[in-house]
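FYI, the numbering just counts along the sequence from 1.
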Amino acid sequence: MPCSCSWASPCRDNGSVNRSNDRPIEGSITHTAVAASAPSAAAGSSDFLQLRIEDAPAGGRSVWLARELRRAIADGRLPVGSRLPATRVLAADLRVSRGVITEAYRRLTEDGQLAGRGRGGTVVVAAPVTTAAKGGASTPYAHRTAAPSAAPRTAPSAPPSAAPFAAPPGPEIFDDLRAAPARIDLSPGVPDLSAFPRTAWLRAERSVLAGLASAELGYGDPRGTPALRLAVANWLARNRGIRADPDEVLIVAGTAQALGLIAQVLHQDGIPEIAVEDPGSLGARQHLRHWQLATPPVPVDDDGIRVDALRASGARAVLLTPAHQFPTGVVLGGGRRRELMCWAADGGLIVEDDYDAEHRYDRAPVPALRSLLPEQVCYAGSVSKLLAPALRVGWLLPPPKYRNALVDAKRFADLGNAALPQLVLARLMESGELERGLRLLRRRHRRRRDAMIAAIRDRLPDATVHGAAAGLHLTVTFGPDGYRGSDTDLAAAALVRGVKVQPLSWHSQRPSPPGLVFGYAARTPDEITEGVAVVGKVLSSG
């Protein structure tokens, strides 16, 4: 029987294997594969996609079949809605064990391209877009919104180019990088978008619309709908240890807008700069500078930001990612937290970016700074890492001093976020769907994280891995006896070979050892392994 998980249609248990009796799901075959139901004329071949088992490498038949299916989906031979042959039929045609077929189907199910439909068989549910989007909205907050290239294994629409790395990064750099064609996009900061809960979202949307009064379609509270502010307050209490009244919550269009609002309010308050971690997000730094705030760098070590250096900088405000520092992945240590509390007690303001704190694998949860310092912390979070960046929904918990000013800034920015998505999100949060989805994502992301660590160990043996215990990315650095060149040149060479990564130097204001930032959450284990192997070949050839 098919999986009852309402989180996402293409979940692992909704794939080609029936978990209740461990038998492959069978189903009818569309006109694209009808001939596959009869024995093939040639031994080890099938009319379905003209597959020939002799083309598969020894010991790699499932990988080969998965690759052929991906190609057929990408080039349109298997459009969305197509049914694949039953596993026993295709296994008989190719004269292989059913396990080979089942494993290939499972790989694409985890990739979000196939889903089991019970008696309806295994169906194509998603196909990659084959051309990169042009002219999209500016993406100033890179580690949040650098979406992966749409076609993971198809030929790009234009020859790969190193152009995004040809000059120092400007304001448009992440738009350019996102538009650059690549077979495998390992950009950091994007969750598994194939797991977006389409079914649950539609069900919640229908429920919201059915009970929505006409008056609720008018202009609303610029702070956000009461339903979502209550849901966010409850979510933060359950998952981040933050106790807040719903009236303290301000709904914003993602953390990128939160940074813009904060920058405007601080500038009006006579604060000309906000210290930032170094290394730290290039996109966040660009966004703050756009609003005319200087961003003095403060070094980060294995315990997080160095508070002594923060004091020496003279800055009155600081932007931190304390639960999982971007890009190093370190957690702000207990001693540093105490030092930071003393710094804040002397009049400092902490802007806490809790951007992916829910994604952790090998360590205990870390309390939010806001739970300890409600009077000195402006807390920001969003659903970009929980659901999808495209929703553009986040939240701010301002300290009392700046609450009214931030509400005013939001009011005059856009009169408030769109109400309908807020109400749907509130329903998902309060129903428990978001927690269930997070558990699914953690399992899937952990497998992909493990695949990346294994690939780095095999292909980049001289690299040091940072930040593996949590998050959606890994950072690697190369010691003095390893790679000695420019990490931008390394990223450029990888892009020419079809693999997209970010150089660590982009996120550093001070000199730093060469390194790369790899995202793993949005790619399959096979793609991760291949992508890291390409980087390894670039290193060995240099």
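- The side-chain contact (heavy atoms from CB on, under 4.5 Å) check on Arg206 picks up Leu202, Arg203, with sequence neighbours excluded.
- More than 12 non-hydrogen atoms from other residues, nucleotides or ligands lie less than 6.0 angstrom from CZ of Arg240.
- Legend: residues meeting side-chain hydrogen bond (donor to acceptor under 3.5 Å, both in side chains) with Ser62, ordered by chain and number and at least two apart, are absent.
- Residues forming a salt bridge (charged side-chain N to carboxylate O under 4.0 Å, His left out) with Asp450 (at least two apart in sequence, or on another chain): none.
- No side-chain donor-acceptor contact under 3.5 Å links Glu527 to the backbone of Leu186.
- Between the side chain of Tyr355 and the backbone N or O of Ser382 there is no donor-acceptor pair closer than 3.5 Å.
- In this view, Ala493 and Arg497, Val538 satisfy the side-chain contact (heavy atoms from CB on, under 4.5 Å) rule, not counting sequence neighbours.
- Within the 4.5 Å cutoff, side-chain heavy atoms of Phe48 are placed close to those of Leu78.
- A donor atom on one side chain and an acceptor atom on the other are found under 3.5 Å apart for Asp487 and Ser505.
- A donor-acceptor contact shorter than 3.5 Å is absent between the side chain of Gln422 and the backbone of Leu228.
- With hydrogens and angles disregarded, a donor-acceptor distance shorter than 3.5 Å links the side chain of Gln286 to the backbone of Gly170.
- Counting heavy atoms from C-beta on, the side chains of Thr488 and Pro168 never come closer than 4.5 Å.
- Applying the ring-ring contact (aromatic ring centres under 6.0 Å, His included) test to Trp506 and every residue at least two apart in sequence or in another chain returns Phe165, Phe174.
- For Arg238, the side-chain contact (heavy atoms from CB on, under 4.5 Å) criterion is met by Asn234, Trp235, Glu430, Glu435, not counting sequence neighbours.
- With sequence neighbours left out, Ser207 forms a side-chain hydrogen bond (donor to acceptor under 3.5 Å, both in side chains) with Arg427.
- Partner of Leu84 under the side-chain contact (heavy atoms from CB on, under 4.5 Å) criterion, out of Leu90, Leu108, Leu69, Leu49: Leu69 alone.
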Working note: Asp185 + Arg178, criterion salt bridge (charged side-chain N to carboxylate O under 4.0 Å, His left out); need CA distance, chi angles, decisive distance, verdict. CA-CA 9 Å; Asp185 190 339; Arg178 188 170 56 254; over 6 Å; no
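- Checked against side-chain hydrogen bond (donor to acceptor under 3.5 Å, both in side chains), Arg107 has the following partners two or more places apart in sequence or in another chain: Glu103, Asp526.
- Residues passing the side-chain hydrogen bond (donor to acceptor under 3.5 Å, both in side chains) test with Thr475, sequence neighbours excluded: none.
- For the pair Arg98 (side chain) and Ala91 (backbone), a donor-acceptor distance under 3.5 Å is absent.
- Partner of Glu110 under the salt bridge (Lys or Arg N to Asp or Glu O under 4.0 Å) criterion, out of Arg448, Arg523, Arg447: Arg447 alone.
- Between the side chain of His359 and the main chain of Lys385, a donor-acceptor pair closer than 3.5 Å is present.
- Between atom CG of residue Leu65 and atom CG of residue Asp55 there is a gap of 11.5 Å, rounded to the nearest 0.5 Å.
- Judged purely by atom type and a 3.5 angstrom limit, Arg459 has no side-chain atom pairing as donor or acceptor with the backbone of Glu530.
- For the salt bridge (charged side-chain N to carboxylate O under 4.0 Å, His left out) test, no residue two or more places apart in sequence or in another chain qualifies with Asp176.
- Between the side chain of Asn417 and the backbone N or O of Val252 there is at least one donor-acceptor pair closer than 3.5 Å.
- Rounding to the nearest 0.5 angstrom, the gap separating the CD1 atom in Ile528 from the CZ atom in Arg449 is 11.0 Å.
- Sorted by first and then second residue, the ring-ring contact (aromatic ring centres under 6.0 Å, His included) pairs with a member in residues 455-477 read His324-His473, Phe326-His473; sequence neighbours excluded.
- Counting heavy atoms from C-beta outward, Arg52 and Ser46 have side chains that stay 4.5 Å or more apart.
- Residues passing the side-chain contact (heavy atoms from CB on, under 4.5 Å) test with Ala56, sequence neighbours excluded: Ile53, Arg61, Trp64.
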